[in-house]
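A short write-up of the structure that comes next.
We count residues from 1, following the sequence as given.
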Amino acid sequence: MTDAVPEAPVVDGAHAGRRAGAGVLVAAVTIVALLVRTTGALDAVVRPDGVVLQGADAWHHLRQIEQLVRHFPRRMTFDPYGLFPGGQGVTVAPLFDYLVATVSLLVGALSPSARTIALVTAWSPAILGALTSVPVYLLARRAAGRAAGLLAAVVIAVLPGQFLSRTVLGFADHHALESLLAAVTVLALAAALAQDTRGAALRRACGAGLVLLLYLLTWTGGALLVLVLGGFAVVQVNVEHARGAGGGRTGAVTAAFFATTLAGQAAVGWDLPYAHYQRLALLGALVAAAGLGALAHVLARGHRSRVHLPMATLAVAAGGAAVIASVSPQTLRGGWHALTWFAGSGLQETVGEAAPLLRMNGSFSLARAWAHFGTALPAALIALALLARRIVREGRPIDALLAVWSLAMLLATLGQNRFGYYFAACAAVLCGVLIGPPLARLWDARDGRVPAWVRRVLWPSAAVIALVVPVAPVALMTTLSFDGPRDAWLDALRFLRDETPGPFDDAGYFDEIVAAGDARLPREGVLAWWDAGYWITTIGRRAPASNPTQAGAREVAELLLMTNPDAAADACLERGLSLVVLDGETPILQTGPNRLGGELGQVARWADIDPDELFRTYHRRDADGSWQPLVLFEPAYYETLAVRLHVFGGKLEVPVRATQIVRWREVRGDAGAVRLEITDLERFDSFARAAKTLERALAAGEQNVRIVSDDPLSSCVPLEPATRFRRVFASQETVATRLLTRIPDVQIYEVLPD
């Protein structure tokens, strides 16, 4: 391997004592990271009456982990309770569940209690998140020295956003392990590329390939990282070739890396969802790395022009796409769809984690990016530019590896903010790369004019403060907030489990492992919005009509928005849905002064209904003459099944001074957006008087006029009673007051036959 581009040694080259000191500091940072992730949520998650996990997906994993413990090592691949009707296949990769189940068995002396399993599950994301500080430190140290590594470890320990929120106590999702293994994979590949001899490099590459295999067994969408690392191999081979170093070294090492993973995946033999995309990505990366590496070596020996390899790269890419398009066009379409999925558009934007980072609230804003990364984001962008310059000047593999990985994860995060749990590690490493070397030079400076305490205490402290303080409030809020099922939901789910008929005659069927073809069909299901689906399955032991995979979401949305209660009851019973669970976060309710919140707009989008048909935002002048927004609610809002039941309890409703008529004009702003400016808003004593006024206005040719209400709890139109929906549960916790009556947070209705 004579065409190697040697990696620069670690910047500070400190002696063994300094290395030991750095190890102690990294251990301390890891402990701090664990405390950050556990202290604030401990009382909310670990309770005397049970362990309450956070989020939705954690309960899906708990279901898999409990089944693994019962039937180890056999895992559940199909859940008859997962979706009504017919159940649903388990689409998550198994490694995280196997890891937690194995630890649970060891902790519980091979017979762990349900509480022990839940405790191990709850602690796993926090421990994995804290351990991520170690590979982040090692990556930054390898790239820019020990000071860079320490600074990167500090940043990742406290950086808020998706990484912190997904690694807090109780948020037991595979993303914590996924983020850790992604960082370890990049670190292992960097170490392989830094070896001096061919044998050592190939051995390290094989080891790195096994780490990548573990990563792919953690996330079914892991082809993303394979493509990123394959892209790095292409870039680095071309960089080395352009610098006259051949390029065969990187091609050989990365080819061994991908080949090991591909062989390991075949040896494991697990038939995972989307595994074919992983295999295609691995095969493509292997061919690209080996082929370009060999071609670069041949071109270098033949003293060919250095532009030949980039031209060959483009030709191979185009030819490969053409071959795939001719042999298997559906594969090309599927791959393109998978890539565009990262853009976060359409209905994906109704899912909080899938919304684009800069459009999380529906309009462009940099505020969310600042909240997730603070000063680490601009520092990371500057570091990316620095790495690009170093790639051209020095050609070090680790610089290109960090640059390609970080840029890809940044683009993925901009497309869907959930991928911030990847970019967090990149941002931390980049901060270390940018700031670490200057701090190291200050530390070792012999300039007597600058006191040692300034060089070794003040400036490092200032760097940490500049990166940590701006994000500290958001990080604190993240660690103190609880995102699990509220007490009202827990009571409702216990009611479902204990007081309603189960979907199967045998309650013990919940604990069995069955194949998809052998599963029984459930006799009845539960209508609820998708975000509660895993709670209903795991805690309530019932079959929901939708779940966080968004399967069934469109049908559920259409039912919740039906405006004829008898037709809605018939539609529910025709589908076998005997119970309706309504959440206080679905209607549009007051959440603070001049603030409204609720999910009904998202529900409408899933049902292909324009939310403007339910409510829309107008503007009117306040006392000082400025235009202020005002949400007004249409009759269709109150007539929906969700609002009719949750707000009005399915009872007869006669408006009393709630009906208003709004008149408005459309004003187009400089950016082309249309604003509805209220010209008149009149309140009426009764709906009948308002209806007559509206009739006269329409007869006179007015167009921008309609009946509305400014109160989401006071209908502007009469509502007939929904007699075929009988409330069987109402939580003690309430979310609003209507006519001196508190509205229960979570309610359950039984659907009655005609």
Determine yes or no for a side-chain-to-main-chain donor-acceptor pair under 3.5 angstrom, with T30 supplying the side chain and L131 the backbone. no
Any side-chain heavy-atom pair of L159 and L164 under 4.5 Å: no
Decide whether Q67 and R70 meet the rule of one side-chain donor and one side-chain acceptor closer than 3.5 Å. yes
Residues, nucleotides or ligands: over 12 heavy atoms within 6.0 Å of Q732 CD: no
Shortest non-hydrogen contact from V168 toward P125: O-CG, 3.4 Å
Tell me which one of L105, L110, T116 satisfies side-chain contact (heavy atoms from CB on, under 4.5 Å) with V69. L105
Verdict with reasoning, L561 to V603, per side chain to side chain contact (heavy atoms under 4.5 Å, CB included): CA-CA 8 Å; L561 296 183; V603 176; 4.0 Å; yes
Which heavy-atom pair separates A557 from W606 by the least distance, and what is that distance? CB-CB, 3.8 Å
Side-chain heavy atoms of Y98 within contact of L68, under 4.5 Å: yes
Between R542 (side chain only) and P501 (backbone N and O only), is there a donor and an acceptor less than 3.5 Å apart? yes
Taking NZ, NE, NH1 and NH2 as the nitrogens, is one of them in D97 or R75 under 4.0 Å from a carboxylate oxygen of the other? no
Could you go through the side chain to side chain contact (heavy atoms under 4.5 Å, CB included) check for L128 and F96 one step at a time? CA-CA 11 Å; L128 293 169; F96 174 77; 4.0 Å; yes
Would a distance-only check, ignoring hydrogens and angles, find a side-chain to backbone donor-acceptor pair under 3.5 Å from Q54 to D483? yes
With a 3.5 Å cut-off and no angle check, do the side chains of Q88 and N547 form a donor-acceptor pair? yes
Taking the side chain as C-beta and beyond, is there a heavy-atom pair between I65 and V120 under 4.5 Å? no
Contact between R575 and L559 at the side-chain level, heavy atoms closer than 4.5 Å - yes or no? yes
Mind checking whether L560 and W529 have side chains closer than 4.5 Å, heavy atoms only? yes
Of all the heavy-atom pairs spanning I536 and A528, show the shortest one and how long it is. CD1-CB, 3.6 Å
Any side-chain heavy-atom pair from L217 and H174 closer than 4.5 angstrom? no
Do R497 side-chain atoms and L493 backbone N/O form a donor-acceptor pair below 3.5 Å? no
So Y421 and T167, side chain to side chain contact (heavy atoms under 4.5 Å, CB included) or not? Walk me through it. CA-CA 9 Å; Y421 58 75; T167 57; over 6 Å; no
For F482 and L53, work out which heavy atoms get closest and say how close. CZ-O, 4.2 Å
Could you measure the distance from the CZ atom of R37 to the OG1 atom of T39? Nearest 0.5 Å is fine. 11.5 Å
CD1 of I31 to OG of S133, rounded to nearest 0.5 Å, is 11.0 Å
If we ignore hydrogens and angles and just use 3.5 Å, is the side chain of Y215 paired with the main-chain N or O of T185 as donor and acceptor? no
Do the side chain of T538 and the main chain of R63 share a donor and acceptor less than 3.5 angstrom apart? no
Between A157 and V29, what is the shortest heavy-atom contact and its length? CB-CG1, 3.9 Å
Do V746 and D491 touch side chain to side chain, with heavy atoms closer than 4.5 Å? no
Do the side-chain N and O atoms of E178 and Y422 include a donor-acceptor pair separated by under 3.5 angstrom? yes
Between Y509 and R523, is there a cation-pi geometry (under 6.0 Å to ring centre, at most 45° from the normal)? no
Closer than 3.5 angstrom, by distance alone: can the side chain of H71 be matched with the main-chain N or O of D511 as a donor-acceptor pair? yes
Can any side-chain N or O of T537 pair as donor or acceptor with the backbone N or O of A543 at less than 3.5 Å? no
Applying side chain to side chain contact (heavy atoms under 4.5 Å, CB included), run through V90 and Q64 and close with a yes or a no. CA-CA 9 Å; V90 176; Q64 315 310 316; 3.5 Å; yes
Closer than 3.5 angstrom, by distance alone: can the side chain of S578 be matched with the main-chain N or O of V751 as a donor-acceptor pair? no
How far does CG of L262 sit from CG of L283, to the nearest 0.5 angstrom? 6.5 Å
Which heavy-atom pair separates A553 from W530 by the least distance, and what is that distance? CB-CD1, 4.1 Å
Considering only heavy atoms from C-beta outward, does the side chain of F419 approach that of Q162 to under 4.5 Å? no
Determine whether a donor-acceptor pair (N or O, by modelled atom type, separation under 3.5 Å) exists between the side chain of Q278 and the backbone of L216. yes
Evaluate the ring planes of H60 and Y534, with Trp represented by its six-membered ring, and classify them as parallel (under 30°), tilted (30 to 60°) or perpendicular (over 60°). parallel
CD1 of I156 to CG of L139, rounded to nearest 0.5 Å, is 11.0 Å
Do the charged groups of R418 and D173 touch, with an N to O distance under 4.0 Å? no
Nearest-0.5 Å distance that lies between atom OG in S124 and atom CG in L169: 9.0 Å
salt_bridge(R486, D583) N-O dist < 4.0 Å: yes
Output for pair (L527 CG, L579 CG), nearest 0.5 Å, gives 9.5 Å
